[in-house]
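Report on one structure; see the data block that follows.
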Amino acid sequence: MNYICPKCDNTTYEVDEMRATGGRWSKIFDIQNKKFSSVTCKKCSYTEFYKAKTSALSNVFDLFTN
């Protein structure tokens, strides 16, 4: 990936993943059915989030492991 930070023009970055709940029922049952990838600049810590697809299997697994 050729990433250039829009704030400081740095080219070193870190990629990570985050999960979050979506609507009312997923909050009640603590199902984290939204998945995001993040890209963080190593120099200035500017972070961008990108929505990623989740599978039904991972949502079911999340229901039983929480």
Side-chain angles (χ1 to χ4, degrees):
M1 181 166 131
N2 296 331
Y3 178 78
I4 299 173
C5 177
K7 298 286 183 179
C8 69
D9 293 328
N10 187 33
T11 57
T12 59
Y13 58 91
E14 193 173 282
V15 177
D16 208 352
E17 182 180 291
M18 180 184 97
R19 291 181 161 265
T21 59
R24 180 179 307 152
W25 291 109
S26 61
K27 288 179 187 177
I28 291 171
F29 292 105
D30 195 26
I31 301 171
Q32 298 174 343
N33 61 346
K34 304 289 183 188
K35 181 178 173 184
F36 299 90
S37 295
S38 65
V39 179
T40 302
C41 174
K42 285 190 175 183
K43 183 178 178 183
C44 72
S45 298
Y46 175 76
T47 304
E48 293 180 339
F49 288 95
Y50 300 94
K51 190 173 183 179
K53 292 185 179 191
T54 60
S55 69
L57 180 61
S58 68
N59 292 338
V60 170
F61 182 71
D62 188 48
L63 175 66
F64 290 109
T65 57
N66 281 334

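- Checked against side-chain hydrogen bond (donor to acceptor under 3.5 Å, both in side chains), D16 has no partners two or more places apart in sequence or in another chain.
- You'll find the side chain of K35 stays beyond 4.5 Å of the side chain of K51, heavy atoms only.
- Annotation for K42 and N10: closest pair N-ND2, 4.1 Å, computed over non-hydrogen atoms.
- By the side-chain contact (heavy atoms from CB on, under 4.5 Å) test, E48 pairs with Y3, P6, Y46, Y50, sequence neighbours left out.
- The other residues sharing a hydrophobic cluster with F49 are M18, F36, where clustering joins ILVMFWY side chains under 4.5 Å apart.
- Taking the side-chain hydrogen bond (donor to acceptor under 3.5 Å, both in side chains) definition, one finds that T47 meets it with T40, sequence neighbours left out.
- Atom CD of residue E14 and atom OG of residue S45 lie 9.0 Å apart, to the nearest 0.5 angstrom.
- If you take CD on E17 and OG on S37, they are separated by 6.0 Å, rounding to the nearest 0.5 Å.
- Atom SG of C41 sits about 11.0 Å away from atom CD1 of I4, to the nearest 0.5 Å.
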